[in-house]
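Notes to accompany the following structure.
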There are 2 protein chains.
Amino acid sequence: MSTTRPRPEDGDLDTRERIVRTASRLMQRQGYDGTGIKQIATEAAATHGSVYHFFPGGKQELAVAAIRRGDEEFAEELRRVLGRHDDPAEAIAACARQLAEGLRDSGWIDGCPVASTAIGTAGRVPDVQQAAAEAFAHWQEPVFAALRRSGIPDDDARELAHTVISTLEGAELSSQVSRSEEPLRAAGKHLARLIGLYRPKS
Amino acid sequence: MSTTRPRPEDGDLDTRERIVRTASRLMQRQGYDGTGIKQIATEAAATHGSVYHFFPGGKQELAVAAIRRGDEEFAEELRRVLGRHDDPAEAIAACARQLAEGLRDSGWIDGCPVASTAIGTAGRVPDVQQAAAEAFAHWQEPVFAALRRSGIPDDDARELAHTVISTLEGAELSSQVSRSEEPLRAAGKHLARLIGLYRPKS
DNA sequence: GTCTATACCTTGATAGAC
DNA sequence: GTCTATCAAGGTATAGAC
């Protein structure tokens with residue numbers, strides 16, 4: 001019923017979309033304070049005025065939109081990888097491998113799309129912090145669902161989903177900082193063993 | 001043989017020490033780009049000129065010193081808590097509780113002393129990134145030693161130490177962003193169970 | 001070692017023509 | 001919706017008196 005979405009490839013995105021994408025990518029790499037409105041405008045091929053036209057709330061409003069975009073992107077990636085495996089232990093290990101691959105292929109610069117912005121604004125920019133908290137909560141949902149599907153009781157699955165996201169997050173940070181796939185590799189292996197502890201014998 | 005160190009309490013620290021402490025604390029909260037030299041100087045009760053006197057390399061050199069300070073502080077905290085327990089599973093769970101307590105007591109603003117600076121400069125400020133990578137590596141040592149003491153083989157202990165640090169790091173980030181002790185609580189519980197898997201039956 | 005003054009640049013944000 | 005000009009404020013860093 002909706003008009004067909006063009007699935008735009010490159011420069012034919014509307015201005016607002018280019019701005020959000022660019023802001024999300026830049027803040028992922030440089031954090032909130034390290035990313036300027038001017039840099040965003042330039043790299044998005046937009047003018048300074050356009051940014052404030054679409055985001056009258058300025059940098060804070062734009063940062064919230066960028067965080068939400070990163071939220072959706074990673075949630076989709078999670079769902080995609082989790083959907084390819086029946087065994088949740090295998091699925092989570094695959095997620096860790098996917099993160100390691102993306103990190104390495106980017107030259108260790110594209111880590112979690114939310115973490116850098118979130119950590120640099122925690123307790124200082126409430127709107128951004130709130131959006132980041134929602135992202136972390138969203139990401140637990142597909143993990144929780146996968147664990148529950150395998151027969152793990154709700155309470156255990158809920159708790160495990162917390163730890164899965166925390167561990168992937170921390171291992172991605174460790175891998176990025178040390179420029180090594182080892183932390184994510186170890187995390188995938190250990191999360192799989194941990195989940196195995198909770199999975200009912202079939 | 002060295003002159004007795006005064007263990008200074010408050011305002012009677014030498015200038016360089018006040019600057020490093022202040023820089024470490026501010027960058028922990030606001031990251032590298034969010035923390036200005038002027039703010040550091042003001043809060044350290046030092047002058048602008050003093051900062052550049054002690055750190056001719058400017059902000060980068062000061063950030064490296066701040067990271068190293070955070071490195072040492074957290075390493076000592078780890079050693080202290082780990083030293084209080086014979087069972088490494090209990091010890092790691094206690095570490096998670098300690099982190100949660102510190103985070104909550106600070107009003108959720110004092111997270112990892114290195115993470116915010118590290119993540120915001122990854123791939124952009126090589127000296128800072130290097131210092132952060134060293135910090136992550138240092139923190140694994142006391143964990144590795146504790147695991148080995150309990151009889152876990154070297155290779156397993158090495159790998160587990162990676163995951164312990166990654167998970168604590170990620171759970172602290174999750175707890176800080178969501179302003180909840182739950183991620184750290186779950187991480188402590190699950191790390192303890194994971195370590196239990198590797199510990200030889202006595 | 002400490003302090004002040006200052007050079008020079010970039011920032012976030014606004015106004016108003018088109 | 002787009003673009004340019006402009007502002008006040010704050011950034012890093014340097015120079016030089018004391």
Side-chain angles (χ1 to χ4, degrees), chain A residues 6 8 11-27 29-67 116-117 120-121 124-129 131, chain B residues 3 6 8 11-67 116-117 120-121 124-129 131:
Chain A
D12 58 339
L13 298 158
D14 62 18
T15 305
R16 198 197 133 97
E17 173 68 14
R18 284 198 319 270
I19 292 171
V20 173
R21 278 196 194 190
T22 306
S24 176
R25 200 186 61 243
L26 287 177
M27 287 188 182
R29 299 178 182 175
Q30 308 169 343
Y32 180 81
D33 290 296
T35 305
I37 300 266
K38 286 182 178 167
Q39 186 187 14
I40 294 169
T42 302
E43 297 205 15
T47 63
H48 201 197
S50 287
V51 173
Y52 281 94
H53 169 73
F54 289 109
F55 302 93
K59 196 177 184 179
Q60 291 193 20
E61 188 183 343
L62 180 49
V64 169
I67 292 260
S116 49
T117 306
T121 60
R124 294 194 303 140
V125 192
D127 292 356
V128 175
Q129 148 137 25
Chain B
T3 60
D12 58 339
L13 298 159
D14 62 18
T15 305
R16 197 197 133 97
E17 174 66 15
R18 286 199 316 273
I19 292 171
V20 173
R21 277 198 195 190
T22 306
S24 177
R25 200 186 63 242
L26 287 177
M27 288 189 182
Q28 171 184 35
R29 297 178 184 174
Q30 307 169 344
Y32 180 82
D33 290 297
T35 305
I37 301 266
K38 285 181 178 170
Q39 186 187 13
I40 294 169
T42 302
E43 297 205 14
T47 62
H48 201 198
S50 287
V51 174
Y52 281 95
H53 170 73
F54 290 109
F55 302 94
K59 194 177 185 180
Q60 291 192 20
E61 188 183 344
L62 179 48
V64 169
I67 291 261
S116 49
T117 306
T121 59
R124 295 193 302 141
V125 191
D127 292 356
V128 176
Q129 148 136 24

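We name chains A, B, ... by the order of the sequence lines, and we start the count at 1 in each one. Quantities reported herein were computed from a predicted structural model and do not represent experimental measurements.
- By the 4.5 Å heavy-atom criterion applied to side chains, B:Tyr52 and B:Ile37 are counted as neighbours.
- For B:Arg16, the salt bridge (Lys or Arg N to Asp or Glu O under 4.0 Å) criterion is met by no residue, not counting sequence neighbours.
- You can see that DNA chain C meets the heavy atoms of chain A within a 4.0 Å-exclusive cut from C:dT11 to C:dT14, reading 5' to 3'.
- Every residue two or more places apart in sequence or in another chain that forms a side-chain contact (heavy atoms from CB on, under 4.5 Å) with B:Ala41 is listed here: B:Val51.
- A:Met27 places a side-chain heavy atom less than 4.5 Å from the side chain of A:Ile40.
- Side-chain contact between A:Phe55 and A:Val20 is present, with at least one heavy-atom pair separated by less than 4.5 Å.
- Partners of B:Glu61 under the salt bridge (Lys or Arg N to Asp or Glu O under 4.0 Å) rule, at least two apart in sequence or in another chain, do not exist in this structure.
- With a 4.5 Å cut-off on side-chain heavy atoms, A:Arg124 and A:Asp33 count as touching.
- Counting only residues at least two apart or on different chains, the salt bridge (charged side-chain N to carboxylate O under 4.0 Å, His left out) pairs with a member in residues 40-50 of chain B are B:Arg25-B:Glu43.
- Within residues 48-60 of chain B, the residues having any heavy atom under 4.0 Å from DNA chain C are, by residue number, B:His48, B:Gly49, B:Ser50, B:His53, B:Phe54.
- The separation between B:Gln39 atom CD and D:dA9 atom P is 18 Å, rounded to whole Å.
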